[in-house]
Amino acid sequence: MEIFDLKNHDIEIYHDKMVDLLQQSFKQSFPNKTIEIQEFDNRLKKLKEYLAEGKTKVFSVIEEDSLCGFIWFFIKDSNTIHINHFSINKDARGKGIGRKLIEAVEKFAFENQIDEIELLVTLSNDEAIGFYKKNNFKTERLVMKKRLIK
C-alpha cells in the first residue's frame, strides 16, 4: 500500500471513483438525506480550484489500479490542520488504509510544525467515531442544531 499526493490531473483520472467514495461517506454520515451527484461533482471542481491555488492537499491510496481511499485536508491556521473529507471504500475498510492516511497527515503536520488535527464527524456515524478514537482523536466540542420548519 502506497500513499501518494493526489494532484489536479489525478482528479480527472479518478473522478468517478472519488464521486463513489464521497457518496459512500455521505450515505454513512447522512443515511436519510439524498444528495444529488452534481453536488459531488461540484465538490471535486472546488477541490481542483483549491489544489491549483495551493490551498489544500489530498493523500490517496491506489490498490490494483483503483483508488480505494483519500483524505482531503487544509492548513486552517498556523497550529491546525482541518480534515475536510476522509473516505475509504467500504470493501477496503479494516485493512489499515485509513490508519496509513491519518499517519500521512500526521507526518505532514509534524514536518510543518503543526500540532493539531481537527475534523467534524456525524454523531450517528459510530464506525467513524470508533476509528477516530482508536487513532487518539478526542471530542472537544459538540455542534448542536435545531431545524426549523418553514
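Heavy-atom basis, side chains included; hydrogens, waters and symmetry copies ignored.
Two residues are said to be in side-chain contact when any heavy atoms from C-beta on lie closer than 4.5 Å; K100 and K95 fail this criterion. Looking only at side-chain heavy atoms (C-beta outward), F74 and K57 stay at 4.5 Å or farther from each other. Side-chain contact between D77 and I114 is absent, with no heavy atoms from C-beta onward closer than 4.5 Å. Counting heavy atoms from C-beta outward, D16 and M18 have side chains that stay 4.5 Å or more apart. Residues H15 and L44 meet the side-chain proximity criterion, which asks for heavy atoms closer than 4.5 Å. Counting only heavy atoms from C-beta outward, the side chains of T56 and N84 never approach each other to under 4.5 Å. The side-chain heavy atoms of H85 and I71, taken from C-beta on, include no pair separated by under 4.5 Å. Contact annotation: the side chain of E36 approaches that of T34 to within less than 4.5 Å [non-hydrogen atoms, C-beta and beyond].
Within a 6.0 Å sphere centred on CD1 of I35, other residues, nucleotides and ligands contribute more than 12 heavy atoms. In the displayed structure, E140 atom CD is contacted under 6.0 Å by at most 12 heavy atoms of other residues, nucleotides or ligands. Residue Q38 places its CD atom among more than 12 non-hydrogen atoms of other residues, nucleotides or ligands, all under 6.0 Å distant.
We find that K7 and D5 are joined by a salt bridge, their nearest charged nitrogen and carboxylate oxygen being less than 4.0 Å apart. The pair R43-E39 meets the salt-bridge criterion, with a side-chain N (NZ, NE, NH1 or NH2) lying under 4.0 Å from an Asp/Glu carboxylate O. Between K107 and E111 there is a salt bridge, with a side-chain nitrogen of the basic residue lying less than 4.0 Å from a carboxylate oxygen of the acidic one. Between K48 and E12 there is a salt bridge, since a side-chain N of the basic residue sits under 4.0 Å from a carboxylate O of the acidic one. With respect to E127 and R93, a salt bridge is recorded, a charged nitrogen being found less than 4.0 Å from a carboxylate O.
Within the model, atoms NE2 of H82 and CD of E118 stand 5.5 Å from one another, a figure rounded to the nearest 0.5 Å. Atom CG of N112 sits about 11.5 Å away from atom OG of S78, to the nearest 0.5 Å. Taking OH of Y50 as the start and NZ of K45 as the end, the distance is 12.0 Å to the nearest 0.5 Å.
Y132 and L120 fall into different hydrophobic clusters, where Ile, Leu, Val, Met, Phe, Trp and Tyr are joined by side-chain heavy atoms under 4.5 Å apart, directly or via other members. By the rule that hydrophobic residues join a cluster once side-chain heavy atoms approach within less than 4.5 Å of another member, I117 and I129 end up as members of one cluster. Under the 4.5 Å side-chain contact rule for hydrophobic residues, I97 and V121 share a cluster. Criterion: ILVMFWY side-chain heavy atoms under 4.5 Å apart, direct or through other members. Under it, F59 and I62 are not part of a common hydrophobic cluster. Follow the hydrophobic side-chain contacts under 4.5 Å out from L51 and you never reach F86; the two are in separate clusters.
When every heavy atom of L67 is checked against every heavy atom of S60, the shortest pair comes out as CD1-CB, 3.6 Å. Closest non-hydrogen pair, S66 versus K17, comes out as OG-CE, 4.2 Å. Of all the heavy atoms in S29 and N125, the pair that sits closest is OG-ND2, 3.2 Å. When every heavy atom of S87 is checked against every heavy atom of L22, the shortest pair comes out as OG-N, 4.4 Å. Scanning all heavy atoms of the two residues, the minimum distance from I88 to G69 falls at CD1-CA, 4.0 Å.
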Residue pair K134, R99: steps toward the side chain to side chain contact (heavy atoms under 4.5 Å, CB included) verdict:
CA-CA 9 Å; K134 188 175 174 182; R99 178 182 308 276; 3.3 Å; yes
With side chain to side chain contact (heavy atoms under 4.5 Å, CB included) as the criterion, how do F4 and F70 come out once you've worked through the C-alpha distance, each side chain's angles and the decisive distance to 0.1 Å?
CA-CA 9 Å; F4 79 96; F70 70 89; over 6 Å; no
- [ ] Determine, stepwise, if the pair I81 / E106 fulfils side chain to side chain contact (heavy atoms under 4.5 Å, CB included).
- [x] CA-CA 9 Å; I81 284 176; E106 290 172 350; over 6 Å; no
For I75 and F108, run side chain to side chain contact (heavy atoms under 4.5 Å, CB included): C-alpha distance rounded to whole Å, both residues' side-chain angles, the deciding distance at 0.1 Å, then the answer.
CA-CA 10 Å; I75 298 173; F108 175 88; 4.0 Å; yes
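In this structure, a donor-acceptor pair under 3.5 Å is present between the side chains of T80 and E116.
When the options L47, I83, L6 are evaluated for a side chain to side chain contact (heavy atoms under 4.5 Å, CB included) with W72, the one that passes is L47.
Side-chain rings of F131 and F137 stay apart, their centers remaining 6.0 Å or farther from each other.
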